[in-house]
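None of these values were measured; they are calculated from a predicted model. What you see below is based on every heavy atom in this structure, not just the backbone, and it leaves out hydrogens, waters and symmetry mates. First listed ligand is number 1; within each ligand, the first listed atom is number 1.
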Amino acid sequence: MPLPAPRPAPPAIAAEPCVMRTGSWRDYALLDSGGGRKLERFGPWVVTRPEPQCLWAPRLSSEAWSEAHAAFEPADEDEAGRWKLHAAAPASWPMTWREVTFQARLTAFRHLAVFPEQAANWAWLSDRVRACAASPRILNLFGYTGVASLVCAAAGAAVTHVDASKKAVGWARENAALSGLAEAPVRWICEDARKYVQREVRRGARYEGIILDPPKYGRGPGGEVWRLYDDLPDLVSGCAALLAENPSFLLLNAYSERISGLALAGLLGEALAERGGRIDWGELALMEEAGARGVGLSFFARWSAG
Ligand SMILES: C[S@@+](CC[C@H](N)C(=O)[O-])C[C@H]1O[C@@H](n2cnc3c(N)ncnc32)[C@H](O)[C@@H]1O
């Protein structure tokens, strides 16, 4: 009697967390932190923003902090508030990371239309795409202003970028043009991430790499409600079904406080139980320009086929 085929091994989950550190680059620096705030440089513009976890004392003088061009003053515990300008800031200005150029902007939600700590993920994504034998198909869900999509496109991928916000997709397309990637194979889709994945599963679509960076709470363009704790498991299992026969990776990132890299790794381990490979997990951190002090900002788990 023939022996049954061996069951594929579950992914090996790393025993220890990994801190993915982002230091300064030409267009970004974490100049200082402390007193519940960060002092950062985005291109030529220096800004301060609330960061309650920075419980230590700032290293730089109060004069250095007061010279910032703009300070974000929160209106509530959430992300909303307003920027107090100490100099006439432009509506947007360009920043570059490696071959990708994007516009920084002072948004009403304390962000600058880019998350600099993601540079550690961009470097990893670029390496994974370049390591593929042929141009991989990459799906980027909750893609916002498109930097990860453009990093993958610049590395040779065909990208499907999905975000619920028409404005964010518009900014992402502008960033593609700024990066000289307007003609690159990127499909820009304004759609609810869950609906899009369900449709792709029905269509039998396949991707070599998938990126997801879901917020804690969000809304699709048709008002569809997204809640991380309720909706992430189904979305991740939909993504697992979309992986090609010879996939490369699945990268999951989350900014929510009540989550951890280990929790995200557990979820990926379940969804990819028959895929082998390995899962690394941990957090993304920005490192101060002078010194070893860092600020952890988001959690990640990433599955690699090999
Ligand atoms: C945390 S940001 C993602 C950051 C991005 N990955 C980056 O590194 O720049 C969250 C994004 O999710 C989008 N979003 C929220 N709810 C959504 C939904 N139901 N479907 C698709 N996108 C959604 C928002 O418009 C926003 O652009």
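- Electrostatic pairing of Glu245 and Arg275 does not count as a salt bridge here, judged by no charged N lying under 4.0 Å from a carboxylate O.
- In terms of protein heavy atoms, atom 15 (C) of ligand 1 is closest to Pro215 CG, 3.7 Å.
- Asp32 pairs in a salt bridge (charged side-chain N to carboxylate O under 4.0 Å, His left out) with only one of the listed residues (Arg41, Arg293, Arg37), which is Arg293.
- The atoms of ligand 1 that sit less than 4.0 Å from any heavy atom of Gly220 are 19 (N).
- With a 4.0 Å cut-off on non-hydrogen atoms, Arg194 does not touch ligand 1 at all.
- Ring-centre distance between Phe102 and Trp171: not below the 6.0 Å cut-off.
- With a 4.0 Å cut-off on non-hydrogen atoms, Phe115 touches ligand 1 through its side chain and not its backbone.
- Atom 3 (C) of ligand 1 has as its closest protein heavy atom Phe142 O, 3.2 Å.
- For the pairing with Trp122, the ring pair (Phe, Tyr, Trp, His ring centres under 6.0 Å) check across Trp97, Tyr28, Phe115 returns one residue only, Trp97.
- Residue-ligand proximity, Ser165 to ligand 1, at heavy-atom distances under 4.0 Å covers atoms 25 (O).
- Among the atoms of Val162, none of the N or O lies under 3.5 angstrom from an N or O of ligand 1.
- Scanning the protein heavy atoms around atom 20 (N) of ligand 1, the nearest turns out to be Ala193 N, 2.9 Å.
- The nearest protein atom to atom 27 (O) of ligand 1, hydrogens excluded, is given as Asp163 OD2, 2.6 Å; this is a heavy-atom distance.
- Here Glu40 pairs with Arg49 in a salt bridge; the nearest charged N to carboxylate O distance falls below 4.0 Å.
- Protein heavy atom closest to atom 1 (C) of ligand 1, with residue, atom name and distance, is Asp213 O, 4.0 Å.
- Residue contacts with ligand 1 do not include Ala148, since none of its heavy atoms lies under 4.0 Å from the ligand.
- A donor-acceptor contact closer than 3.5 angstrom is absent between the side chains of Thr48 and Trp65.
- Tyr144 CD2, 3.5 Å is the protein heavy atom nearest to atom 9 (O) of ligand 1.
- Which parts of ligand 1 touch Glu191 is read off a 4.0 Å heavy-atom cut-off, strictly below it: atoms 20 (N), 21 (C).
- Here Phe299 and Trp281 keep their ring centres 6.0 angstrom or further from each other.
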In sequence, state the C-alpha distance, the side-chain angles, and the governing distance for Leu267 and Leu232, and then conclude on side chain to side chain contact (heavy atoms under 4.5 Å, CB included).
CA-CA 9 Å; Leu267 182 61; Leu232 189 58; 3.6 Å; yes
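- From the protein, the heavy atom lying nearest to atom 22 (N) of ligand 1 is Ala164 N, 3.1 Å.
- Within ligand 1, counting atoms from 1 as listed, the ones closer than 4.0 Å to a heavy atom of Gly218 are 15 (C), 16 (N).
- Ligand 1 lies within reach of Asp192, whose nearest heavy atom is under 4.0 Å from it.
- Residue contact check for ligand 1: Lys195 places no non-hydrogen atom closer than 4.0 Å to it.
- Using a cutoff of 4.0 Å between basic side-chain nitrogens and carboxylate oxygens, Glu191 and Arg199 are scored as salt-bridged.
- Listed here is the closest heavy atom pair of Met95 and Ala104: SD-CB, 3.7 Å.
- The ligand atoms of ligand 1 that sit less than 4.0 angstrom from a heavy atom of Gln118 are 8 (O).
- Just one of Trp303, Tyr207, Phe300, Trp124 meets the ring pair (Phe, Tyr, Trp, His ring centres under 6.0 Å) condition when paired with Phe249; it is Trp124.
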